[in-house]
Each structure stands twice: as C-alpha cells, then as structure tokens.
S.K.: 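Sharing a structure with you now.
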2 protein chains.
Amino acid sequence: MTVGGTAEEQARARVVDAAEELFYARGVRAVGMDAVRSAAGVSLKRLYQLFPAKDHLVEEFLRRRDHAWRAALVRHADARPTPRARLLAVFDWLYEWFAEPDFRGCAFLNCFAELGGTSPAVAEAARAHKAAVRTYLGELTAATGASEPEPLADQLALLAEGAIATAAVTGSPEPARAARAAAQALLAAAGVEGGGADGPAAHPAGPEGYEAGAAPRQAPANPRTATAHTDPASG
Amino acid sequence: MTVGGTAEEQARARVVDAAEELFYARGVRAVGMDAVRSAAGVSLKRLYQLFPAKDHLVEEFLRRRDHAWRAALVRHADARPTPRARLLAVFDWLYEWFAEPDFRGCAFLNCFAELGGTSPAVAEAARAHKAAVRTYLGELTAATGASEPEPLADQLALLAEGAIATAAVTGSPEPARAARAAAQALLAAAGVEGGGADGPAAHPAGPEGYEAGAAPRQAPANPRTATAHTDPASG
DNA sequence: CGGAACGGAGAACGATCGTTCTCCGGCGCT
DNA sequence: AGCGCCGGAGAACGATCGTTCTCCGTTCCG
C-alpha cells in the first residue's frame with residue numbers, strides 16, 4: 001500500500017489511511033492528532049505541513065471515503081447484467097460491508113452526528129455524499145424502466161440508509177437482507193420483475209458477468225486491509 | 001415546566017432538560033458540564049451532587065429521551081382506529097418531528113456515532129432503544145393480520161430508520177413522505193389494504209379517535225418547548 | 001443573638017488536545 | 001573537512017474540559 005508517487009504523496013496517503021481507520025473506529029474527536037501521527041509513522045511537524053489543521057484532515061478523510069465507498073459500490077453493482085439485478089446487488093454489497101468485523105455504520109452519518117451541528121463543512125460533506133448515492137440509485141432505477149423512477153429511488157435509498165444505521169447499532173448484517181427483500185417488493189409493485197431466479201440473495205455475489213466494463217472506477221478504492229471479497233471499502 | 005416534586009427532583013429535571021437540548025443540538029463531547037450548569041441554572045456543586053459524572057448525565061439523558069420519544073410516538077399512533085392506520089401514522093408523526101426547527105436526527109444514533117465506539121453503555125442504550133421501537137412496530141404489524149408480520153416489521157423499521165437519517169442530513173421532512181409511501185406499498189404487497197381513502201397523508205394528524213386509551217403513557221413526555229401539535233419530543 | 005450547616009459562585013487543578021517550537025543528528029555541497 | 005539546511009523526535013504552550021475545592025452569604029435552630 002501507498003507505493004509510488006513522491007514522498008509527500010506517500011506520506012499524505014499514509015496519514016489519511018491512518019486517520020480514516022482511527023476516525024471511523026473511534027470518532028473524530030476521540031482521536032488526537034498524536035494518535036494519527038504515530039499510526040501513520042510521520043513526525044508531528046510533517047503532519048502539520050501536510051494538513052495545517054485537524055479540520056483539513058477530517059475533510060480529506062471524508063473526501064477520500066466518499067470516492068472509495070461509491071467506487072466500490074458501483075464496481076460491485078455494475079458487474080450485474082440487468083438494471084434490476086444491479087439495484088438488488090447494492091443490498092448484497094451492503095451485506096458484505098456490514099459483515100466486516102470493523103463495520104461501524106456510515107462514516108458520513110457518524111461525522112454528521114458528531115460534528116455536523118458545529119461544522120458546516122462536515123454537514124455539507126455528508127449531504128453531498130448522500131446526494132451522490134441517491135443520484136446513483138436514481139440512475140439504476142431509471143434504467144429498470146419503472147413507471148415513476150424518482151419516488152422509487154427515494155424509497156430504495158431510504159431502505160439502504162435504514163439498513164446501514166440498523167446494522168451499525170445491532171451489529172448484525174441481517175438488515176441488508178431485509179432491505180433487499182423490501183426493495184424486491186417495491187420493484188415488483190412498480191412493475192419491475194425479475195426473469196426467473198432472483199439472483200444470489202442468500203450469499204454475497206453471483207458469478208455472473210463481472211468486469212462488465214461500465215464501472216467508472218473513479219478512485220483507487222484503497223487496498224488498505226484488503227479483504228478477500230470485492231472490498232466494500234467500509235464507507 | 002419542571003413544577004412539583006422535591007427541590008432535588010426539580011433540579012434534576014432542569015438539568016436533564018438542559019442537557020437534552022444541548023447534547024442533542026451540538027453533540028455530547030461538544031458540550032461542557034459548565035454549559036449544562038449555566039443552561040440549567042444550578043451550581044456546579046449541585047450538578048455533581050445530582051450526577052457524579054458526565055457519563056451518568058448522558059445515560060440519564062438517553063433514558064429520558066427513550067421514554068419520552070416512544071411515548072409520544074405511541075400516543076400519536078394509537079389514536080388511530082385501525083392497525084394499518086396506526087402503522088402509517090408512525091410516518092406522519094415522523095414528518096412532524098422532522099419539520100421541527102431543531103430536528104437533528106435520532107439522538108441515539110448520534111450518540112452511538114459519537115460515543116458508541118468507546119462507551120458500551122451508550123452503545124447498549126442505542127441498541128435497546130432501536131429494539132424497543134422495532135418491537136412496537138412488530139406489534140402494530142402483527143395486528144394488521146399480515147401473513148408474515150415479522151419480516152414486514154423489519155422492513156418498515158428500516159424505512160423509518162432511513163427516513164430519520166436522511167431527514168437529518170438533508171434537513172428536509174420529505175423522507176417521511178417517501179417512507180410512508182413505501183410502507184403503504186409494502187403493506188399492500190403483504191395483503192394489508194386500506195378501506196377507501198388512506199387517511200391523512202398530506203398533513204399531520206387526522207381528527208379521528210384521539211384518547212383511544214391504549215397509549216402506555218410511560219413517561220411525562222416532558223413539556224419543555226411544548227410545540228403546538230402532538231409533540232414528537234424530538235428523540 | 002450566635003453559630004453551624006448549607007448552597008451558590010466561581011477559582012483551581014490535573015488531564016488532554018491542537019498546535020508550535022526547540023533541539024539535534026544526518027546529508028549534501030564546496 | 002567544514003558548513004548549512006532539512007527532517008525527526010518530542011518538549012512546550014495555550015486552551016478547554018471534567019472534576020474538586022475554597023470562599024462567602026444565608027438561613028435555620030437553640
């Protein structure tokens with residue numbers, strides 16, 4: 001990890017990696033700059049050369065997380081052959097994410113809860129992230145040919161959001177299953193039916209049509225702690 | 001507000017009122033004990049007599065919020081005549097709550113995000129609150145006579161949870177409407193249909209059958225900042 | 001009326017945190 | 001070799017926070 005690039009880029013990457021892990025696991029305010037420093041293995045002086053204030057580091061953390069998280073989601077979903085399968089794959093991906101041992105909910109929701117009341121920048125980052133995800137779901141929904149895709153996408157977004165929050169507090173990945181089932185019902189009610197089998201609901205990802213090519217691959221989806229499966233990058 | 005009871009009880013109530021408002025608006029760690037002290041109008045000495053540590057105050061805040069929030073929800077929903085109307089009324093009540101000017105999401109989710117990673121007590125409080133809400137939705141769902149009430153209740157709970165989170169970050173109460181529509185679709189798919197009109201979806205509460213009697217009224221649902229409507233107690 | 005217990009106001013203390021500064025060893029250049 | 005610069009390690013500083021302590025006016029009881 002963090003190979004290539006100038007020394008400064010490597011240092012930045014290591015710092016943001018460390019910050020991401022610590023901030024996500026314990027919350028922003030519970031993590032001191034010194035903890036980031038020692039986890040990243042840089043000197044305090046260098047840390048402040050790279051990020052003149054903790055706020056900058058937090059914003060960079062959120063920026064990176066947004067890119068990596070959405071890229072991983074898109075990569076997983078866009079590998080499916082049909083629009084309906086892509087939508088349902090979103091919930092399969094959530095299941096994998098929830099099952100990761102260090103899953104602790106949505107980093108944006110967490111930061112919003114902690115800092116959104118006092119930091120407009122964090123509030124805006126959370127809002128932008130959620131809007132981007134909602135936009136992606138809107139595209140997937142429109143592609144299904146549903147009669148009214150926008151309200152349906154709103155509803156599917158709520159299911160995903162609720163699953164994330166519920167999985168976080170309960171510690172169980174099951175909410176992803178329930179959300180998937182609900183999404184299926186809502187799609188059916190909107191006239192979007194699956195061919196025969198519904199694809200893999202019981203286990204992670206099906207073997208059908210990976211590398212379908214449409215994935216934007218916007219961010220490198222950092223290989224830190226690279227997990228075996230398609231790496232939900234824990235956003 | 002906070003009339004009756006011994007002086008100690010009044011002081012406790014004022015302190016928890018102040019803490020609730022401050023913790024909810026700004027987050028727990030962003031609020032010092034001194035801010036609670038001056039907002040509650042008690043001396044620091046008395047504050048520490050009542051709550052020997054900040055953790056105790058946080059836990060009391062969550063305990064009170066859980067009771068008040070669920071009591072307000074139950075009071076609103078149980079006033080409706082049919083099980084199906086009660087379930088949908090949950091989302092109407094969410095709409096009213098989201099529309100309150102100082103709404104900032106679910107206090108339990110916020111505290112979990114901020115402290116759940118380091119405080120097992122807070123994590124457990126959040127888990128218990130969500131479980132209690134889910135149980136209530138389960139009862140309402142079972143009363144509709146739906147064929148498989150438990151999975152359906154899971155899905156409805158996800159919709160409510162997602163609506164709360166989405167309303168918090170977007171600042172709009174609309175997610176409650178989207179969640180209500182989705183709930184209606186899921187109920188219909190489960191064979192639970194409304195008689196004719198769906199009851200009041202466009203505006204707060206219908207005038208039908210208040211004081212239906214089944215409301216547990218477990219907590220006084222503190223009258224602080226008493227809003228005009230049925231007081232969703234901002235949980 | 002005297003004194004003792006009590007409560008309020010806020011200073012004080014120790015810890016932590018974000019941020020800056022100092023010191024020092026190593027490296028390149030002449 | 002001698003000199004100067006850069007980066008690392010970590011001490012230091014000021015602010016804030018949770019918690020405790022001190023001081024002082026009031027009040028209640030004999």
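Just so we're on the same page: letters track the sequence lines, and every chain starts at 1.
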S.K.: Identify whether any heavy atom of A/Arg29 sits under 4.0 Å from a base atom; if not, whether one sits that close to sugar-phosphate; answer base, sugar-phosphate or nothing.
M.R.: nothing
S.K.: Rounded to the Å, how far apart are A/Arg26 CZ and C/dC17 P?
M.R.: 10 Å
S.K.: Could one point to a donor on the side chain of B/Lys45 or the base of C/dG8 with an acceptor on the other under 3.5 Å away?
M.R.: yes
S.K.: Round to a whole Å and report the spacing from CZ of B/Phe23 to P of D/dC17.
M.R.: 12 Å
S.K.: By nearest nucleotide on DNA chain C, pick out whichever of A/Ala53 and B/Gln49 is the more 5' one.
M.R.: B/Gln49
S.K.: Looking at B/Arg134 and B/Glu150, does any basic side-chain N land under 4.0 Å from a carboxylate oxygen?
M.R.: yes
S.K.: How close or far is atom P of D/dG10 from atom CG of A/Leu47, stated in whole angstroms?
M.R.: 15 Å
S.K.: For B/Leu57 and D/dC17, what is the distance between atoms CG and C1' respectively, to the nearest whole Å?
M.R.: 15 Å
S.K.: Would you mind telling me which residue lines up with the more 5' stretch of DNA chain D, B/Asp55 or A/Arg46, judged by nearest nucleotide?
M.R.: A/Arg46
S.K.: Can any side-chain N or O of B/Tyr24 pair as donor or acceptor with the backbone N or O of B/Phe103 at less than 3.5 Å?
M.R.: no
S.K.: Atom CG of A/Asp34 to atom P of C/dT20: distance rounded to whole Å?
M.R.: 15 Å
S.K.: Compare the minimum distances between each of C/dT20, C/dG18, D/dG8 and the side chain of A/Leu44, then state the nucleotide with the smallest one.
M.R.: C/dT20
S.K.: Do A/Lys130 and A/Leu109 come close enough that some side-chain heavy atom pair is under 4.5 Å?
M.R.: yes
S.K.: Whole angstroms only, please: what is the CG-P distance between A/Leu115 and C/dG18?
M.R.: 12 Å
S.K.: Of the options C/dG18, D/dT19, C/dG8, whose atoms approach the side-chain atoms of A/Lys54 most closely?
M.R.: C/dG18
S.K.: Which of the following nucleotides, D/dT20, C/dT19, D/dA9, is nearest to the side chain of B/Tyr48?
M.R.: D/dT20
S.K.: Just so I know, are the side chains of B/Phe98 and B/Ile164 near enough to count as touching, which here means a heavy-atom distance under 4.5 Å?
M.R.: yes
S.K.: What is the distance, rounded to the nearest whole Å, between atom NE2 of B/His56 and atom P of D/dG18?
M.R.: 14 Å
S.K.: Using residues 29-38 of chain B as the side-chain source, report each donor-acceptor pair under 3.5 Å to any protein atom, sequence neighbours left out, with the distance given to one decimal.
M.R.:
unit_1	atom_1	unit_2	atom_2	d
B/Asp34	OD1	B/Arg37	NE	3.4
B/Ser38	OG	B/Asp34	O	3.2
B/Ser38	OG	B/Ala35	O	3.3

S.K.: Applying a 4.0 Å non-hydrogen cut-off, can you work out what A/Val36 is touching in the nucleic acid: base, sugar-phosphate, or nothing?
M.R.: nothing
S.K.: Measure CG/B/Leu22 against P/D/dG18 and give the value in whole Å, please.
M.R.: 12 Å
S.K.: Nearest to the side chain of B/Met33 - D/dG18, C/dT20, C/dG10?
M.R.: D/dG18
